[in-house]
Amino acid sequence: MSLRVYNTLKGQKEDFKPLEPGKVKMYVCGVTVYDYCHIGHARANIVFDIIYRYLQFAGFDVTYVRNYTDVDDKIIKRANERGISSKELSEEFIRAFDEDMAALGLAVPTHQPKATEYIPQIIEICQKLIDKGLAYASDGDVYYRVGKFPDYLKLSGRNMDEMQAGARIAPGEQKHDPMDFALWKAAKPDEPKWESPWGPGRPGWHIECSAMSSALLGETFDIHGGGRDLIFPHHENEIAQSEGASGKPFVNYWLHNGFVNINQEKMSKSLGNFFTIRDILKRYNPEVLRFFILSAHYRSPIDFSDQNLIDAENGLRRFYEALDSGYEAIDGAQGTTPAEDGALLETQFKAAMDDDFNSALAIGHLFDAVRTVNRLVATKKFRKKPELVATVADLLQKIRTLGEVLGILQSDPAAWLNQQKKAGLVDLGLKEADIEAAIEARLQARKDKDYARGDEIRDELEARGILLLDTAKGTTWKLK
RNA sequence: GGCCCCGUCGCCAAGUGGUAAGGCAGAGGUCUGCAAAACCUCCAUCACCAGUUCGAAUCUGGUCGGGGCCUCCA
């Protein structure tokens, strides 16, 4: 089974063949750093995180580049509003971004370039495009002459005539044609600026990705990713810039993740219905958010709601409870003997991920493995059956290894469950000591065969959201 | 208006020609003093209509419904 990916450029799934066998060069558009990241950013970054992880798991040597766009109209505007420099503002939000991504457990990319560190390369591309007649300087600005690039709109599948109907030239722009776009913008007063052959100015909107990707990955590379909304104009323009300048194919596989919706509607700042990652992590474990996102295919829209996150939390709990009881049951036994069930799980997992990174299907297979573990552990005289213990040990090992590819199931099971319980207690306004005291009281009542009193205590706790569990090792509790 | 996507069990969600994964919820059972968890069993013909095909959730056309891009956006 080999990897297949959906390529936006072709509109279909294709066999994935890297330029250089065994190596993958991947670029993903990062964020413009002027505000806190929202859950849409979380999805995009988590999705490409697991693509990065899976490619490595599949044996590729991956170079992963994710940029920071730290010069931009929105940054300038926001910095001016706050009376600080663009640099101060962008540095603040780069830190915030890094914190958020770390909280979400993302692997760190190979390179994380900043646009402002690539100004010379940006100017070079602009010059090359001017030399080739694909761009022109106009009153300190530089614009891309879209009409000179025949492949324009090949990614988004649009048509020039229809696009032109809606295009217009904004006041202050010096375009020859409404469809042309800015590569370089002359600096206005109080704007960050760099010297250039066309006077002091700053990069346009799309050029930095062309510059950084070619500098770090070469003129042609394997994978370019980002959200669907970047297909036009951002990625379309990147293609025009990069292929225009180099005369070579820019990217072989374009991957785009779907949106996060709120109540079936796109989340957006203009609608005011967005949640920041920080907001979410106050209420939910980061792994819950990741699990929720990975429980749908990356190209599908996903609906964000409390109920859906609670469902995800319950699903994750099933994993951790199985891991917890499984590890306890094997009591330190190692999965030295590869078992049939474990091999099957790995085969199915790979098949799912090979099919355009179908994490939802992969998780389904992991759930199957959980049931197998639970079933075996519940077998009578389990501990006296070495072959079953070995199978469970192997399965638990596999579940964790494959979980790591998805960035989940890496916590200590008991600790994770405990942390969930404690977080829930705070919500319920209860203290652990009170519960322990109630358990003691009930234990005494049961010793005295006063089951009525015992049940009464249990019912009282249940009414407050706590379930008591009688196990072989004593009474524990969990959130209802 | 142009381009594009989606509509699968009560909910979430896989499944692009071969007869519907998985999770949650629900029903019955095993276990339990009673419970909980776990396990076992059960629980959908895929918005609608018409085609293509030996065979369609999967292909084609149409209808209805929802969403996205075309302006900053993951």
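Since this is a predicted model, take the numbers as computed values, not measurements. Proteins get letters first, then strands, A, B, ... in listed order; numbering begins at 1 in each. Heavy-atom basis, side chains included; hydrogens, waters and symmetry copies ignored.
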*Nearest-angstrom distance from the residue atom NE2 of A:His235 to P of B:C72*: 14 Å
_Partner residues of A:Lys185 under the side-chain hydrogen bond (donor to acceptor under 3.5 Å, both in side chains) criterion, sequence neighbours left out_ = A:Asp73
Under 3.5 Å between N/O atoms: give me all the protein pairs with nucleotides 57-59 of chain B, atom names plus distance.
none

_Of A:Arg228 and A:Gly364, the one whose closest RNA chain B nucleotide lies more 5'_ = A:Arg228
*Return the value, rounded to whole Å, for the distance between atom CD of A:Gln12 and atom P of B:C4.*
15 Å
Close N or O pairs between protein and nucleotides 33-43 of chain B (under 3.5 Å):
residue : atom : partner  : partner atom : Å
B:G33   : N7   : A:Arg446 : NH2          : 3.1
B:G33   : O6   : A:Arg442 : NH2          : 3.3
B:G33   : O6   : A:Arg446 : NE           : 2.9
B:G33   : O6   : A:Arg446 : NH2          : 3.4
B:G33   : N1   : A:Asp455 : OD1          : 2.9
B:G33   : N2   : A:Asp455 : OD1          : 3.3
B:G33   : N2   : A:Asp455 : OD2          : 2.5
B:C34   : O2   : A:Arg458 : NH1          : 2.8
B:C34   : O2   : A:Arg458 : NH2          : 2.3
B:C34   : N3   : A:Arg458 : NH1          : 2.5
B:C34   : N4   : A:Asp470 : OD2          : 2.9
B:A35   : N6   : A:Asp470 : O            : 3.2
B:A35   : N1   : A:Asp470 : N            : 3.0
B:A38   : OP1  : A:Arg318 : NH1          : 3.4
B:A38   : O3'  : A:Asn374 : ND2          : 3.2
B:C39   : OP1  : A:Arg318 : NH2          : 3.2
B:C39   : OP1  : A:Asn374 : ND2          : 3.3

*Taking side-chain hydrogen bond (donor to acceptor under 3.5 Å, both in side chains) as the test, write out the residues that go with A:Thr69, two or more places apart.*
A:Asn67, A:Glu208
_Counting the benzene-type ring for Trp, do A:His235 and A:His256 have ring centres under 6.0 Å apart?_
yes
*Which class fits the ring pair A:Phe57 and A:Phe349: parallel under 30°, tilted 30 to 60°, perpendicular over 60°?*
perpendicular
*With under 30° as parallel and over 60° as perpendicular, where do the rings of A:Phe275 and A:Phe304 fit, or are they tilted in between?*
tilted
*Could you check which residues of residues 98-109 of chain A get a heavy atom under 4.0 Å from RNA chain B? Sort them by number, please.*
none
*For A:Val260, report the nucleic acid contact type (base, sugar-phosphate, nothing); a contact means any heavy atom under 4.0 Å.*
base
Identify each atom pair where a protein N or O and an N or O of nucleotides 11-15 of chain B are less than 3.5 Å apart, giving names and distance.
residue : atom : partner  : partner atom : Å
B:A14   : OP1  : A:His297 : N            : 2.4
B:A14   : O3'  : A:Asn358 : ND2          : 2.7
B:G15   : OP1  : A:Asn358 : ND2          : 2.8

*Under 4.0 angstrom, heavy atoms only, what part of the nucleic acid is A:Gly11 near: base, sugar-phosphate, or nothing?*
nothing
